[in-house]
There are 2 protein chains.
Amino acid sequence: MKDIRQKIVALLKEGYATPQIARMAKRLHEPSTTIHYNIKRLEKDKVIIRYKGIFTYAKIDQGYCTFLLINLVQEKYADPESVAREIAKSDLVESVNVITGDYELLLKLRCKDVDEYYAFVKGAIKKHGFAKVISLTSIKELKGEFVQKS
Amino acid sequence: MKDIRQKIVALLKEGYATPQIARMAKRLHEPSTTIHYNIKRLEKDKVIIRYKGIFTYAKIDQGYCTFLLINLVQEKYADPESVAREIAKSDLVESVNVITGDYELLLKLRCKDVDEYYAFVKGAIKKHGFAKVISLTSIKELKGEFVQKS
DNA sequence: ATATGTTATTGAATATTATTCAAAAATTAA
DNA sequence: TTAATTTTTGAATAATATTCAATAACATAT
C-alpha cells in the first residue's frame, strides 16, 4: 500500500518530527539533560515552533515552482491581509507575504506541473480580486528551506 | 550560558531532528514497524531529505525579510547558476532561484534588521555582478515554511 | 491459474533515546 | 551578602526506535 507513504509525507509536512537530543549532546559535548532542558525552554518561549520534514519536491508532485507578484483590485487594496489569509489556505501555496513596492502580495507556489499552476492562477484571479499577476517561474532552485543542493 | 541555545538553534536549522514514528503510528492506526519501514524507504529514495526545526524568525535575529529580484551584468548573464551558488553560501540567504522573465535571480533574505540587509546588498552588488536589484520588503508573512500563522 | 521472486507488513526482543526527578551550581535581584 | 530564580547535571525510569525473522501481499513469468 503506497498509500501510507503519502500519509507519512503529509504528516511530516506539518510536523511529526522531534529533535535529536542525544545527537546534539554528543556534537556539543554537553550532557543530554542540559540539551533537553534548553530545548524545552526554546519551545516554551516559541523560539522553536515545530520540527518538520524537508522533501525533494519533484518526488512528491511539487516539482513546478513559481513566484507570483500580485496587484489587488481597488476594492481589496485596503486589506491585503484578509486576501492573503484566504490564499494561504491552499496546499499549493508555500508562502504568502504582504510586501512593499509595486505589488501588494508575493506568493510562492509549488505545483505538480504547469497545468496545476494554470488552474490555480485562473481560479485565484477570479476568486480573490487580482488586478494583475506577474509570474516568475523557477527554472533552478539552488537553495531552499532545505539547506544546500548541487 | 545562553550560548547553548544559539548552538541548538544552529543545529536545528540544518537538521538534528527525526520523525516521530510512534506518534505517526497512532495517528494513522498502523503498527510502528510499518511506519518505520516506510519512512526508511522514503529516506533511501531521497523523497525525504532531512528533518529540521522551524522558528519564529523575529526571535532569532532574522525578523527582517526581503525578496530581491536581480539582473546580472552582461558578463555573468550566461551563467546565473554559478553566481547563485556563491550567493547561496550566505547564512542570510534563505532561498535562491534562477527564474524566467525580466530578472535572472530571485533571493529571499532573512536579516536581523535594515542595517544588516543593506550591508548584504551593498556587498553583494560589488562582489557578484548585479546590474540591477529590486527589493521587495515583506511587511507581513502570513504563511511560510512553518505552516499557518495568525 | 500456478509458481517464483520481490516488496511490504507485522509482532516480539533489544537497543537507544527521551524524560523525570532531585540535588547542586550558577546567575540574578534585592 | 543574602535570597530567589534559573540553569546544569547524574541517576532512574519511561518511551521510542530499531532489529530481526516470519508472514503476507504483490508482481511477473511460465
Side-chain angles (χ1 to χ4, degrees), chain A residues 1-63 91 112 144-148, chain B residues 1-63 91 112-113 145-148:
Chain A
M1 218 192 287
K2 183 95 142 294
D3 183 45
I4 286 184
R5 306 255 168 96
Q6 291 184 342
K7 287 178 183 170
I8 288 172
V9 168
L11 291 183
L12 287 173
K13 277 187 186 175
E14 307 299 324
Y16 285 86
T18 192
Q20 294 180 293
I21 294 175
R23 194 151 82 91
M24 297 178 106
K26 273 168 202 150
R27 169 69 179 274
L28 300 178
H29 303 291
E30 298 283 351
S32 72
T33 45
T34 299
I35 302 297
H36 182 269
Y37 173 81
N38 281 284
I39 285 183
K40 289 311 155 190
R41 288 295 329 262
L42 288 166
E43 290 172 354
K44 192 167 80 61
D45 297 345
K46 303 279 173 62
V47 175
I48 301 170
I49 299 173
R50 53 159 56 78
Y51 310 89
K52 58 166 283 195
I54 302 299
F55 310 92
T56 300
Y57 292 104
K59 294 184 179 178
I60 56 171
D61 285 340
Q62 295 196 96
D91 284 341
K112 176 181 170 55
E145 36 177 348
F146 52 86
V147 198
Q148 207 83 355
Chain B
M1 214 193 288
K2 184 92 142 297
D3 184 44
I4 286 184
R5 306 255 169 97
Q6 291 184 342
K7 288 179 183 170
I8 288 172
V9 169
L11 291 184
L12 286 174
K13 277 186 187 177
E14 307 301 324
Y16 285 85
T18 192
Q20 295 180 292
I21 295 174
R23 194 152 81 92
M24 297 178 104
K26 275 168 201 150
R27 169 67 179 275
L28 300 179
H29 303 292
E30 297 283 352
S32 73
T33 45
T34 299
I35 302 297
H36 182 270
Y37 172 83
N38 281 284
I39 285 182
K40 290 310 155 192
R41 287 295 327 263
L42 288 167
E43 290 172 355
K44 193 167 78 61
D45 298 346
K46 302 280 174 63
V47 176
I48 299 170
I49 299 173
R50 53 159 56 80
Y51 307 89
K52 59 167 283 196
I54 302 300
F55 310 93
T56 300
Y57 292 103
K59 294 184 178 177
I60 55 172
D61 285 338
Q62 296 197 96
D91 284 341
K112 177 181 169 55
D113 51 36
E145 36 177 347
F146 53 83
V147 198
Q148 206 82 356

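Within every chain, numbering begins at 1; the chains are lettered A, B, ... in the order of the sequence lines, protein sequences first and strands thereafter.
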K.L.:
Write out a two-atom table: protein N or O, nucleotide N or O from nucleotides 9-11 of chain D, distance below 3.5 Å.
P.N.:
{"from": "dT9(D)", "atom 1": "OP2", "to": "E30(A)", "atom 2": "OE1", "distance (Å)": "3.2"}
{"from": "dT9(D)", "atom 1": "OP2", "to": "T34(A)", "atom 2": "OG1", "distance (Å)": "2.9"}
{"from": "dG10(D)", "atom 1": "N7", "to": "T33(A)", "atom 2": "OG1", "distance (Å)": "3.3"}

K.L.:
Rounded to the nearest 0.5 Å, what's the gap from NZ on K13(A) to NZ on K52(A)? Could you check?
P.N.:
8.5 Å

K.L.:
Kindly write out the residues that satisfy salt bridge (charged side-chain N to carboxylate O under 4.0 Å, His left out) with K59(B), not counting sequence neighbours, or none if the list is empty.
P.N.:
none

K.L.:
Given F55(A) and L42(B), is the side chain to side chain contact (heavy atoms under 4.5 Å, CB included) satisfied, shown in steps?
P.N.:
CA-CA 10 Å; F55(A) 310 92; L42(B) 288 167; over 6 Å; no

K.L.:
How long is the line joining CG of L42(A) and P of dT6(D), in whole Å?
P.N.:
16 Å

K.L.:
Side-chain contact test, heavy atoms from C-beta onward, threshold under 4.5 Å: evaluate it for T34(A) versus L28(A) and give yes or no.
P.N.:
no

K.L.:
Measure all distances between protein nitrogen or oxygen atoms and nitrogen or oxygen atoms of nucleotides 14-17 of chain D, and list the pairs falling under 3.5 Å.
P.N.:
{"from": "dA17(D)", "atom 1": "OP1", "to": "P19(B)", "atom 2": "O", "distance (Å)": "3.3"}
{"from": "dA17(D)", "atom 1": "OP1", "to": "I21(B)", "atom 2": "N", "distance (Å)": "2.6"}
{"from": "dA17(D)", "atom 1": "OP2", "to": "A22(B)", "atom 2": "N", "distance (Å)": "2.6"}

K.L.:
Identify, with sequence neighbours excluded, every residue that meets salt bridge (charged side-chain N to carboxylate O under 4.0 Å, His left out) alongside K26(B).
P.N.:
none

K.L.:
Please evaluate residues E30(A) and N38(A) with respect to the criterion side chain to side chain contact (heavy atoms under 4.5 Å, CB included), reporting the C-alpha separation (whole Å), side-chain torsions for both, the decisive distance (0.1 Å), and the verdict.
P.N.:
CA-CA 11 Å; E30(A) 298 283 351; N38(A) 281 284; over 6 Å; no

K.L.:
Write down the distance between NZ (K7(A)) and C1' (dT9(C)), rounded to a whole number of angstrom.
P.N.:
15 Å

K.L.:
Find the distance Y16(B):OH to dA18(C):C1' and express it as a whole number of Å.
P.N.:
18 Å

K.L.:
How long is the line joining CD1 of I8(A) and P of dT9(C), in whole Å?
P.N.:
9 Å

K.L.:
Using only side-chain N and O atoms of R41(A), determine if any of them is under 4.0 Å from OP1 or OP2 of dT6(D).
P.N.:
no

K.L.:
Under 3.5 Å, which N/O atoms of the protein pair with N/O atoms of nucleotides 22-24 of chain D?
P.N.:
none

K.L.:
Is a donor from one side chain sitting under 3.5 angstrom from an acceptor on the other, for Q20(A) and Y51(A)?
P.N.:
no

K.L.:
For the helix from dA1(C)-dT30(D) to dA30(C)-dT1(D), figure out the bend between the end axes, five pairs an end, and round to 10 degrees.
P.N.:
50°

K.L.:
Could you report the tightest heavy-atom contact between I39(B) and P19(B), atom names first, then the distance?
P.N.:
CD1-CB, 3.8 Å

K.L.:
Counting only side-chain nitrogens and oxygens, does N38(B) get under 4.0 Å of the OP1 or OP2 atom of dT9(C)?
P.N.:
yes

K.L.:
For T18(A) and R23(B), run side chain to side chain contact (heavy atoms under 4.5 Å, CB included): C-alpha distance rounded to whole Å, both residues' side-chain angles, the deciding distance at 0.1 Å, then the answer.
P.N.:
CA-CA 11 Å; T18(A) 192; R23(B) 194 152 81 92; over 6 Å; no

K.L.:
Quick check for you: to the nearest 0.5 Å, what is the distance between I35(B) atom CD1 and Y16(A) atom OH?
P.N.:
11.0 Å

K.L.:
About how many Å separate CD1 of I48(B) and CZ of R5(A), when rounded to the nearest 0.5 Å?
P.N.:
10.0 Å

K.L.:
Is a side-chain donor or acceptor of T56(B) paired with a backbone partner of K46(A) at a separation under 3.5 angstrom?
P.N.:
yes

K.L.:
Specify the separation, in whole Å, of atom CG of D3(B) and atom P of dA26(C).
P.N.:
16 Å

K.L.:
To the nearest 0.5 Å, tell me how far K7(B) NZ sits from M24(A) CE.
P.N.:
11.5 Å

